[in-house]
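Dumping the structure here so I can ask a few things about it.
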2 protein chains.
Amino acid sequence: MASIKDVATKAGVSTATVSRVINNHPSVSVETRREVHSAMDFLCYVPNRSAVQLNGKCSGLIGVVVPNLINPHFCELLASLEEEARYVGKSVLVKTHQNQPFQDKQLVRTLVGMGIEALIWVPTEAESSLSEWLLSTGVNTAVVTQTSRFFNSVSNNQERGAETIAEHFIDIGRTRFGFIGQDGVDNRKISAFCKKALSHGHRVEKHHGYWIPKGDGENSRGHIHSLDSIVDKITSREDKINCLLIYNDVAASYVIEKLRRKGGNVPGDIAVASFDNTIIAQVMNITSIAQPINEMGKLAFELINKTEKYDHIDSIALTTKLIVRESSLGMTVTKI
Amino acid sequence: MASIKDVATKAGVSTATVSRVINNHPSVSVETRREVHSAMDFLCYVPNRSAVQLNGKCSGLIGVVVPNLINPHFCELLASLEEEARYVGKSVLVKTHQNQPFQDKQLVRTLVGMGIEALIWVPTEAESSLSEWLLSTGVNTAVVTQTSRFFNSVSNNQERGAETIAEHFIDIGRTRFGFIGQDGVDNRKISAFCKKALSHGHRVEKHHGYWIPKGDGENSRGHIHSLDSIVDKITSREDKINCLLIYNDVAASYVIEKLRRKGGNVPGDIAVASFDNTIIAQVMNITSIAQPINEMGKLAFELINKTEKYDHIDSIALTTKLIVRESSLGMTVTKI
DNA sequence: TTGAAAGCGCTAACAC
DNA sequence: GTGTTAGCGCTTTCAA
């Protein structure tokens with residue numbers, strides 16, 4: 001690897017001059033500048049970031065921590081963040097915590113040790129002692145997808161989204177409401193869903209709500225084990241539900257497939273709606289709550305820069321949009 | 001932020017001793033070690049990675065360059081690499097080149113400048129001058145998904161996969177073959193497909209083969225513009241094809257949807273098969289060529305460690321597997 | 001407009 | 001066992 005010294009020698013100048021050229025310092029003659037540039041090109045010179053960093057410059061590293069990269073939702077988020085980072089000349093260091101708080105802690109610490117300038121974080125849990133430590137390190141942090149007591153955050157109004165789904169179900173004449181949610185993650189949105197249903201006279205029966213236990217994460221192919229028995233229970237009950245809210249697209253696609261295999265008609269018998277509006281919802285024609293992912297990415301970057309300027313905490317909640325598709329409305333899909 | 005000097009002063013020893021304690025060097029007395037540790041604790045000392053790196057130590061950084069993060073195929077690959085990296089205590093620096101050779105060059109250079117220990121690379125083009133420079137930098141590199149003249153690589157036997165698809169189409173009695181491929185990327189697999197078809201007496205007519213031009217990348221939602229007009233052409237021709245190979249799942253899901261919207265029956269009129277077997281193929285029931293993604297991830301990590309030990313180039317080609325689903329066989333899906 | 005030289009925080013010979 | 005010292009590659013005064 002060519003160093004600044006090699007370039008200086010090749011161009012017949014001092015390292016200081018090369019440094020000036022690199023940093024576009026005005027006080028370098030056009031002639032010299034040209035000379036240095038061609039030397040850099042010839043040697044395929046790339047400045048060593050560590051050395052630059054050591055002089056108090058920024059590391060160019062942005063840490064991104066997401067639950068997993070199996071769910072296309074987080075991939076979309078990462079794609080948006082990577083694009084934003086590339087745009088502003090930063091690099092993204094990705095880590096997945098697989099919904100394990102222990103991993104979460106480890107990863108964030110590792111990232112801080114690597115000298116990240118900022119952290120964009122989808123935490124395992126809403127709050128934790130880790131947050132306080134993180135705050136003390138002074139690393140600019142933005143929480144994404146959730147709100148936080150400690151950091152700026154950008155999330156979606158999921159409660160409102162859940163209400164929209166309830167309203168949609170009511171609009172299409174559904175009466176017996178059911179849901180599938182992740183315990184400890186989706187409680188608020190599920191609660192909003194139930195309340196809205198109730199306000200229209202539809203009580204969500206306790207035995208029509210299914211919770212994925214905390215331990216049951218997605219496996220390497222994104223499969224949730226509990227879903228199988230849940231579908232069994234849904235189809236075997238006497239008082240069947242006729243509409244179902246599912247916490248995300250991936251789970252919904254699995255449940256719909258399973259319901260159909262068991263002879264159920266979606267949306268005929270059960271209308272289904274879910275969250276995220278990923279590519280899965282698009283190809284499977286699932287009614288879903290869309291989040292403005294790209295906007296979230298942009299805002300996350302804005303928030304990390306705001307951290308040091310203001311002493312109050314920004315919690316941005318973006319509005320979501322219900323995308324109605326066949327899983328809750330329209331043509332009935334039947335297998336002949 | 002406390003530095004090693006502060007710790008040394010606080011503990012009443014030299015910086016060298018502190019360094020020894022940090023690196024668990026055996027020749028430090030228990031007493032001194034204890035002293036130093038408590039000083040580190042007191043000052044909340046965290047070693048500065050840049051300084052460590054500058055001394056030629058490993059950065060713990062693995063660069064990963066993929067075309068995009070929209071196609072679930074690359075997300076799966078990234079997920080596998082991230083998991084592997086986490087397992088061996090390394091961090092992944094992701095970059096996407098969006099199939100632009102110019103980006104590719106920029107990104108690889110940036111990554112090298114950041115002091116990556118190794119690069120796992122899905123290049124824009126099979127070979128380029130960039131490879132030679134990269135080779136000269138001595139960064140251990142593994143090419144994934146393609147083969148390379150310069151670096152170890154792990155890829156799939158895509159030609160064999162394409163042949164398998166041709167054989168499958170023949171098995172189910174199809175006669176008029178068509179394909180959609182990406183120009184400059186899929187030439188070899190398409191060629192294998194055509195040859196295999198021909199060897200069974202089915203010539204793939206020139207006007208039944210469609211190429212996505214090089215410029216037409218996936219947009220932010222993964223949509224390929226050329227696909228629209230291709231579907232129009234496919235459905236409007238007099239001598240219609242009755243089987244179609246498509247270069248990947250994402251494109252296939254779009255084409256199938258479009259064909260069905262236009263009244264086409266898949267697989268009744270046209271059997272469709274594609275590559276990658278991502279979650280999209282699973283939920284859409286598309287016959288697809290599965291790649292052993294996790295194995296690829298593991299092998300990529302093995303290959304980067306092999307680079308410096310041997311002077312020959314390893315090109316591992318894994319075997320793929322045809323997963324037959326409804327898009328080419330089985331129940332006909334109709335909309336009522 | 002340019003060069004010499006002093007560090008940034010850490011490691012690793014080499015002394016003692 | 002421990003300290004001294006010379007860098008790693010770069011930036012940045014300070015002089016010239």
Task: Carboxylate-amine/guanidinium proximity below 4.0 Å for B:Arg86 and B:Glu83 - done: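 Between B:Glu83 and B:Arg86 there is no salt bridge, as every charged N stays at least 4.0 Å from the carboxylate O atoms.
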TODO: Taking side-chain contact (heavy atoms from CB on, under 4.5 Å) as the test, write out the residues that go with A:Ala300, two or more places apart.
DONE: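 Counting only residues at least two positions away or on another chain, A:Ala300 forms a side-chain contact (heavy atoms from CB on, under 4.5 Å) with A:Leu81, A:Ile120, A:Val144, A:Val154.
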- [ ] Let me have a per-nucleotide readout for nucleotides 7-16 of chain D, 5' to 3', with B, S or -, counting only protein heavy atoms under 4.0 Å.
- [x] BBBBBBB---
Open item on the list: According to salt bridge (Lys or Arg N to Asp or Glu O under 4.0 Å), who are the partners of B:Asp314, at least two apart in sequence or on a separate chain?
Closed with: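 Salt bridge (Lys or Arg N to Asp or Glu O under 4.0 Å) check on B:Asp314 returns B:Lys306.
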- [ ] Starting from the first five and the last five pairs of the helix from C:dT1-D:dA16 to C:dC16-D:dG1, work out the angle between the resulting helix axes, to 10 degrees.
- [x]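 One end's axis against the other's: 40°.
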Task: Sequence neighbours excluded - salt bridge (charged side-chain N to carboxylate O under 4.0 Å, His left out) pairs with any residue from residues 87-97 of chain B - done: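 Residue pairs with at least one partner in residues 87-97 of chain B: B:Lys90-B:Glu117.
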Task: Which residues share a side-chain contact (heavy atoms from CB on, under 4.5 Å) with B:Val52, sequence neighbours left out - done: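 For B:Val52, the residues satisfying side-chain contact (heavy atoms from CB on, under 4.5 Å) (neighbours in sequence not counted) are B:Lys57.
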- [ ] Run the numbers on B:Thr96 and B:Gln98 for side chain to side chain donor-acceptor pair (under 3.5 Å), then give the verdict.
- [x] CA-CA 6 Å; B:Thr96 68; B:Gln98 312 290 336; 2.8 Å; yes
TODO: Among B:Thr17, B:Val18, B:Thr9, find the one that has a side chain to side chain contact (heavy atoms under 4.5 Å, CB included) with B:Ile4.
DONE: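 Considering B:Thr17, B:Val18, B:Thr9, a side chain to side chain contact (heavy atoms under 4.5 Å, CB included) with B:Ile4 is found only for B:Val18.
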Task: Partner set under salt bridge (Lys or Arg N to Asp or Glu O under 4.0 Å) for B:Arg33, not counting sequence neighbours - done: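 Applying salt bridge (Lys or Arg N to Asp or Glu O under 4.0 Å) to B:Arg33 gives none.
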Open item on the list: The criterion is side-chain contact (heavy atoms from CB on, under 4.5 Å); which residues satisfy it with B:Glu84, sequence neighbours excluded?
Closed with: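 Testing B:Glu84 for side-chain contact (heavy atoms from CB on, under 4.5 Å), a comparison that skips the adjacent residues, returns B:Lys298, B:Phe301.
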Task: Contact interval (first through last nucleotide) of DNA chain C with protein chain B, 4.0 Å heavy-atom - done: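 Range of nucleotides touched by chain B: C:dG9 to C:dA13.
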TODO: Scan for salt bridge (charged side-chain N to carboxylate O under 4.0 Å, His left out) pairs involving residues 4-24 of chain A, sequence neighbours excluded, and state none if there are none.
DONE: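 Every pair satisfying salt bridge (charged side-chain N to carboxylate O under 4.0 Å, His left out) with a residue in residues 4-24 of chain A: there are none.
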TODO: Determine the minimum heavy-atom distance between A:Ile116 and A:Gly63, stating which atoms define it.
DONE: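 Closest approach of A:Ile116 to A:Gly63, heavy atoms only: CG2-N, 3.7 Å.
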Open item on the list: Within residues 30-40 of chain B, which residues have any heavy atom lying less than 4.0 Å from an atom of DNA chain D?
Closed with: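 Of all residues in residues 30-40 of chain B, the ones placing a heavy atom under 4.0 Å from DNA chain D are B:Thr32.
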Open item on the list: Going by salt bridge (charged side-chain N to carboxylate O under 4.0 Å, His left out), name the pairs with one or both residues in residues 97-112 of chain B, residues two or more places apart or in two chains.
Closed with: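 Checked against salt bridge (charged side-chain N to carboxylate O under 4.0 Å, His left out) - neighbours excluded - no pair reaches residues 97-112 of chain B.
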